[in-house]
Amino acid sequence: MIPAAFDYVRADSAEAAIAALAEHGDEAKLLAGGHSLIPLMRFRLARPEVLVDVGRVDDLKYIRDGGDHLAIGALTRHMDVETSELVQAEAPLLAAATSHVGDPQVRHRGTIGGSVAHGDSASDIPSVLIATGATLVAQGPSGVREIAVDDFFEGFLETALAAEEILTEIRVPKVGGAGWSFQKFNRRAQDWAIVGVSVQVLNGSVGIGLVNMDTKPIRASAAEAALVGGSSAADAAEVAPDSCEPTGDLNASPDFRRHLAKVLTRRALEEAGVS
Amino acid sequence: MEIAVKINGEQHRHDVEPRTLLVHYIRDTVGLTGTNIGCDTSSCGACTIHLNGESVKSCTMFAVQADGEELLTIEGLAASVNATDGQMHPMQEAFRSCHALQCGYCTPGMVMASVSLLEENPNPNEQEVRQGLEGNLCRCTGYHNIVKAVLECAQGGAK
Amino acid sequence: MSIMGTRVLRKEDPKFLTEGATYTADISHPKLKGAVHAHFVRSTMAHAKILEIDTSEAASQPGVLAVYTAQDIPESVAPAPVMVPVFPPSMMHRPHLATGSVRFVGEPVAVVVAETPAQAADAADLVFADYEPLPAAVGLAQAETDNTVIYEDVGSNTAVDFKNMNMVTGIGEEDIFADCEVVVEHDLINHRTAPAPLEGRSMACVWDDGRLIVWASTQTPHGFRDNLAAVYGLEAENCQVIAPDVGGGFGQKIGITADEIVLPWLSQSLNRPIRWTETRTENLTACGHGRAQLQKVKIGGSQGGQIKAYRLQITGDAGAYTGLGAFLPFYTHLMAPGVYNFPKVETTAKSVVSNTTPTLAYRGAGRPEATAAIERAVDLFAAECGLSPVEVRRMNLISKDSFPYTTPHGTEYDTGDYETALNLALEAADYPALLEEQARRRAQGSVKQLGIGVSVYVEITGGPAPGGQEFAKVEITPEGKAKVYSGSFSHGQGHATTFVSVAADQLGMDIDDIEFIQGDTDLVAEGTGTFGSRSFQFAGSAVYDASRSVVDVAREIAAGLLEANVDDVLVDAEADGFHVAGTPAVAVSWAQVAGAAQEQGKKLMHEGQHHANCTYPFGAHVIVVEVDTETGQVTVPQVVTCDDSGTIFNPNIVEGQRHGGIAQGIAQALTEEVVFDEDGNPITSNFADYGFISAAELPSFKLVPLETPTPHNPLGAKGIGESGAIGATPATQSAVVNALSHLGVRHIDIPLTPERVWQAIVDATAQN
């Protein structure tokens with residue numbers, strides 16, 4: 001299918017992209033790897049009047065050692081995250097989860113920033129950012145700001161990014177030696193997760209992010225609290241879906257999603273070394 | 001907008017509508033119809049080509065995004081490894097000898113995805129081949145002979 | 001030396017692999033220069049009265065030549081001929097564009113023609129249809145109640161009850177289960193699936209001096225031509241249909257569809273060549289689906305496992321208009337008793353219309369449904385008796401020495417050896433070791449339980465009974481090479497290789513000296529096409545006949561040249577021509593014979609139809625699954641099949657057919673289902689939602705060879721195109737139930753989604 005017509009603006013820097021967004025307002029959409037947006041446009045479910053292509057903003061493509069964290073440019077492709085030795089060593093959960101995003105062709109084009117900024121609850125990477133306690137860096141007309149991951153995902157395909165802001169960097173704490181697990185449950189390898197769970201354990205502190213368990217990417221707060229209170233992994237997993245409001249669809253009813261969240265959380269905790 | 005794209009070693013320059021998908025550009029404007037379209041959701045992989053040496057789905061890119069880049073399609077694959085006239089790329093040979101194609105519709109994309117897979121993992125096991133081809137659908141072969149062909153190609157030491 | 005049984009590599013592959021095949025959308029014929037593009041506007045309602053369709057805004061868009069609705073199409077564009085005319089007229093005479101009302105989501109209500117595909121798509125967005133919604137009958141259970149009647153003039157949703165036509169046995173006065181110690185009944189679902197060839201429908205056409213020339217993605221070029229000729233009142237020779245390479249069909253491209261029928265009229269009225277290629281969503285919502293049956297099985301026998309009686313009641317979902325799919329419950333009836341020697345079998349069969357996409361003949365077409373029903377019934381019976389499903393099968397199989405075997409229905413199976421097939425498959429799977437591993441996991445209470453599923457099947461190919469025909473022509477060129485023309489048409493089956501090999505064998509020629517011609521109604525005089533696993537047995541036999549006839553004439557000519565008795569002259573590939581038996585050194589070549597034929601005014605050509613009976617391929621599938629008892633996830637570590645299709649000409653081609661069928665069979669059991677919501681909106685309308693199976697969900701398959709030739713054709717071959725899809729679905733279903741049988745699970749409907757499997761475990765655990 002052929003997308004509706006649009007005007008195309010190629011931005012050569014973050015600043016240019018921000019200016020273009022400011023100029024076109026609601027009519028404009030950012031185009032990074034395009035793997036969330038283009039399928040929607042082909043069905044004409046998205047009909048932006050202006051596309052601001054940031055695909056050539058090369059200074060947002062990097063993976064750097066930021067001391068206590070890895071700084072990953074928003075336009076870094078999934079394949080580069082997945083295969084980065086630095087990410088594999090210092091943020092192994094992120095590397096592993098990224099290898100489950102889409103398929104190889106999708107990972108050759110799709111970007112970490114595009115995936116995160118889309119804010120899709122069914123996407124794999126946001127759960128990692130929740131589990132690891134990542135920080136998102138946004139840049140707008142009035143400058144740069146940092147957003148804690150817990151403040152970033154606000155609702156169905158809604159994030160804390162303002163209309164004229166772009167996501168420029170994802171900061172993931174360096175956790176070489178941490179326990180971790182990524183559990184993705186789907187019917188076909190290339191599918192979105194029916195339910196997914198990211199777990200990271202560092203110095204006894206456990207982060208649990210859930211995929212597709214609510215209208216937005218969500219933290220399994222009740223399970224984390226239970227662990228803090230001394231519960232076993234199995235008991236904590238039982239409360240993983242508390243406070244989640246999963247939807248029902250073709251692949252799973254809300255009840256089945258809750259059940260899966262419990263099973264997968266328990267497995268993830270066990271794999272990550274929590275007993 | 002005018003774009004310049006190198007396809008199979010040849011430079012092309014065209015004025016395209018921004019909304020033109022790369023696969024439509026390759027097929028309708030450039031006239032290379034070996035690359036096929038099988039879906040609208042980036043699911044089937046029939047449109048897989050190489051962009052700067054890596055597999056991508058050309059239905060999930062606008063032609064304007066490929067401006068200044070190098071593309072390789074099935075038509076240029078044999079020449080890309082300097083196969084002499086009439087010879088094929090080792091992956092194409094492996095597909096033929098293993099009967100890894102029937103109707104042929106998924107084949108160009110499947111071959112391009114397989115070549116990219118071996119570039120990144122030259123010695124995969126069966127499960128890695130199956131996972132690596134998760135984004136390419138085939139209705140005819142049940143994948144059996146495709147997986148066999150990729151494994152044989154890898155064992156042949158070919159890329 | 002014969003090349004029969006050797007793995008000849010496909011002649012079509014080098015082009016397919018290096019530049020890609022040439023599909024309809026790839027055609028750049030000079031006559032198509034300046035072609036315009038059609039884009040259909042489709043119903044968004046499952047059932048509604050059309051109040052108004054406003055095309056004015058669309059018509060005024062840039063590049064738009066016209067926007068048409070049903071009322072624009074003149075009556076001279078006749079209704080399409082009906083393939084199986086056994087249904088009420090209003091149900092089977094589908095309008096070219098929706099007229100008065102719409103009956104399923106995806107039905108075309110208008111068509112936009114524009115200079116470019118993008119302009120056509122843009123304008124289509126601006127066609128506004130105003131509907132008055134009507135209650136929709138969605139799903140068989142609902143449609144069958146007649147609470148919402150779709151065709152008021154018929155007064156019921158039942159399109160056909162085959163009992164009224166004396167085509168099924170019906171339920172007799174006598175209780176056939178009267179002397180059974182054990183009787184089991186169950187309702188089964190054989191859900192709706194999508195054929196989903198990777199290439200959807202595609203067509204281009206042009207009127208050329210009163211002649212209609214069409215390029216189309218079809219399995220049946222001549223049938224496509226005949227349909228168009230009838231609709232447009234053309235003599236057959238004034239309608240040329242060219243099927244270029246075709247990207248799969250699986251039954252979806254038999255005959256012609258409403259959308260395709262309209263295109264020549266668009267071309268005619270605008271006096272421009274026209275092109276149309278459907279999107280995946282159109283393919284998944286508007287083209288046609290398969291299966292879609294509700295079944296009731298009842299089976300009874302002795303406590304010891306001897307089955308005495310079986311009853312199958314079939315209700316098929318025709319969708320909104322009755323096409324081939326509406327006839328398929330009859331096929332299910334035909335093969336109801338399967339491989340078993342049950343003395344008493346009863347069937348009922350009917351088809352019901354509903355506000356969903358019409359159904360058609362998807363790979364297997366009625367026979368997978370029969371096998372699924374009987375195999376499930378046998379499993380249920382075995383479980384009720386507390387016996388091994390394998391033992392109960394062995395006890396009831398039709399024995400090897402009973403062929404030809406006539407079923408209680410009167411279907412005559414040609415040849416078979418069902419128990420050997422079952423034994424070979426079990427042996428190759430190492431059944432005892434599997435049972436041991438299963439017992440170990442059960443004893444340990446493993447999260448991942450092992451299930452072993454077995455199915456034994458027989459099907460009918462080249463049907464319907466009593467048989468079919470196909471056309472071939474073989475001619476020798478003046479240079480002494482050959483041309484083989486086939487009325488069948490390959491859309492992936494490799495005719496260009498297999499049929500040429502058959503000719504090469506008989507003509508004693510190298511396959512590279514033989515040109516293959518198919519798929520062009522101007523070049524091939526007659527034809528039926530490829531479907532129902534018919535091609536090799538009919539079309540291959542036709543090539544065989546024609547080749548032999550040509551050789552007979554050639555031998556006479558060669559005998560003259562050799563000054564020998566014709567009875568002593570043979571054709572010999574090694575000697576590169578003809579010679580007297582025993583003296584290959586003195587030979588005349590095909591070129592010499594061709595030259596002499598020309599001088600003598602003799603034609604080295606034969607053409608004709610080969611008629612033959614149906615054949616009955618059979619086999620056994622053993623499929624092993626692992627079921628995650630906490631999540632309901634099913635994985636398939638092992639697949640072993642023994643599929644007997646009689647004599648095998650090219651093992652590569654035959655195995656390839658088996659592979660593809662097996663994958664589709666497993667897919668139906670596990671991942672693939674066409675789903676509508678309660679209002680009739682399709683919710684599996686693209687490949688992100690429809691669970692088209694990928695390499696990652698499947699293992700490699702272990703294929704066990706077995707060849708039991710049929711006497712019905714000179715090649716001894718039976719059909720193989722659908723076998724895999726027939727055996728694999730019930731074997732997979734059986735395996736999943738088997739994995740959980742120790743928990744008390746007796747049955748789970750297909751598709752075996754994780755949630756459904758998990759729910760079955762929860763329910764069984766709660767009961768115990």
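Letters A, B, ... are given to chains in the order of the sequence lines, protein chains preceding strands, and every chain is numbered from 1.
For residues 44-52 of chain B, heavy-atom neighbours of chain C at less than 4.5 Å comprise B:Cys44, B:Ala46, sorted by residue number. Residues of residues 1-31 of chain B placed with any heavy atom under 4.5 Å of a heavy atom in chain C are listed by number as B:Arg19, B:Arg27. Chain C is approached within less than 4.5 Å, heavy atom to heavy atom, by B:Glu126, B:Gln127, B:Arg130, B:Gln131, B:Glu134 from residues 126-135 of chain B, ordered by number.
Put simply, of B:Ile146, B:Asn36, B:Val111, the one with the most heavy-atom pairs under 4.5 Å next to chain C is B:Asn36. The choice from B:Cys106, B:Cys138, B:Pro108 that makes the most heavy-atom pairs within less than 4.5 Å of chain C is B:Cys138. Of the residues considered (C:Gly200, C:Pro699, C:Gly661, C:Ala667), C:Pro699 shows the highest number of contacts with chain B, using heavy-atom pairs under 4.5 Å. Chain B forms the most heavy-atom pairs under 4.5 Å with one residue out of C:Ala118, C:Gly249, C:Pro197, C:Gly724, and that residue is C:Ala118. Contact count against chain C (heavy-atom pairs under 4.5 Å) is highest for B:Thr33 among B:Thr35, B:Leu32, B:Thr33. Options C:Gln664, C:His659, C:Glu697 differ in how many heavy-atom pairs under 4.5 Å they form with chain B, and the most are formed by C:His659. Per-residue counts of heavy-atom pairs under 4.5 Å with chain B were compared for C:Ala688, C:Ala21, C:Ser28; the largest is that of C:Ala688. The greatest number of non-hydrogen atom pairs below 4.5 Å with chain C, out of B:Ala78, B:Cys39, B:Gly34, is found for B:Cys39.
Neither the backbone nor the side chain of C:Ile662 comes within less than 4.5 Å of any heavy atom in chain B. There is no contact between B:Cys98 and chain C, counting heavy-atom distances below 4.5 Å. Contacts of C:Gln657 with chain B are made by both backbone and side-chain atoms, with heavy-atom separations under 4.5 Å. Heavy atoms of B:Thr107 lying under 4.5 Å from chain C belong exclusively to its side chain. In this structure, chain C has a heavy atom under 4.5 Å from the side chain of B:Tyr143, while its backbone stays farther away. Heavy-atom distances place the side chain of B:Thr41, and not its backbone, under 4.5 Å from chain C. For C:Leu284, no part lies under 4.5 angstrom from a heavy atom of chain B. For a residue to count as touching a neighbouring chain, one of its non-hydrogen atoms must lie under 4.5 Å from one of that chain's; by this rule B:Leu101 touches chain C with backbone and side chain alike. Both the backbone and the side chain of C:Thr281 come within less than 4.5 Å of a heavy atom of chain B. Interface remark: C:Pro117 contributes no atoms to any contact with chain B (heavy atom separation under 4.5 Å). Interface residue C:Glu19: backbone and side-chain heavy atoms are both found under 4.5 Å from chain B. For C:Tyr23, the part sitting under 4.5 Å from any heavy atom of chain B is the side chain, from C-beta outward, and nothing else.
Heavy atoms only, all atoms of each residue included: B:Gly142 and C:Ala663 are closest at CA-CB, 3.4 Å. Shortest non-hydrogen contact noted between B:Arg139 and C:Tyr362 is NH2-OH, 3.5 Å. Heavy atoms only, all atoms of each residue included: C:Phe16 and B:Gly104 are closest at CD2-CA, 3.8 Å. B:Arg96 and C:Pro14 make their closest contact through NE-CD, 3.6 Å (heavy atoms, listed as atom of the first residue, atom of the second, distance). Nearest heavy atoms, B:Ile74 versus C:Gly20: CG2-N, 4.5 Å. Heavy atoms only, all atoms of each residue included: C:Ile693 and B:Leu137 are closest at O-CD2, 3.9 Å.
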Could you walk me through whether C:Leu17 and B:Met91 pass the side chain to side chain contact (heavy atoms under 4.5 Å, CB included) test, one step at a time? CA-CA 9 Å; C:Leu17 282 162; B:Met91 188 62 79; over 6 Å; no
Can you list the steps and then say if B:Glu75 with C:Lys15 is a salt bridge (charged side-chain N to carboxylate O under 4.0 Å, His left out)? CA-CA 10 Å; B:Glu75 291 94 337; C:Lys15 173 174 163 28; over 6 Å; no
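Listed by chain and number, the residues in a side chain to side chain donor-acceptor pair (under 3.5 Å) with C:Thr530 are C:Ser488, C:His495, C:Ser535 (sequence neighbours excluded).
Using a 4.5 Å heavy-atom threshold, the side chains of C:Thr18 and B:Met88 count as touching. Side-chain contact check for B:Asn145 versus C:Glu655: every heavy-atom pair is 4.5 Å or farther apart. Residues C:Thr279 and B:Asp40 have side chains in contact (heavy-atom distance under 4.5 Å, counting atoms from C-beta outward).
Taking SG from B:Cys140 and NE2 from C:His491, the interatomic distance works out to 8.0 Å, rounded to the nearest 0.5 Å. Rounding to the nearest 0.5 angstrom, the gap separating the CD atom in B:Glu93 from the CG atom in C:Asp13 is 11.0 Å. Rounding to the nearest 0.5 angstrom, the gap separating the OG1 atom in B:Thr141 from the CZ atom in C:Arg658 is 15.0 Å. To the nearest 0.5 Å, the span separating CD on C:Glu12 from SG on B:Cys103 amounts to 11.5 Å. Going from atom CG of C:Asn652 over to atom CD of B:Gln102 covers 10.0 Å, rounded to the nearest 0.5 Å. Rounded to the nearest 0.5 Å, atoms CD (C:Glu199) and CD1 (B:Ile37) are 11.0 Å apart.
For the pair B:His144 (side chain) and C:Ser700 (backbone), a donor-acceptor distance under 3.5 Å is absent.
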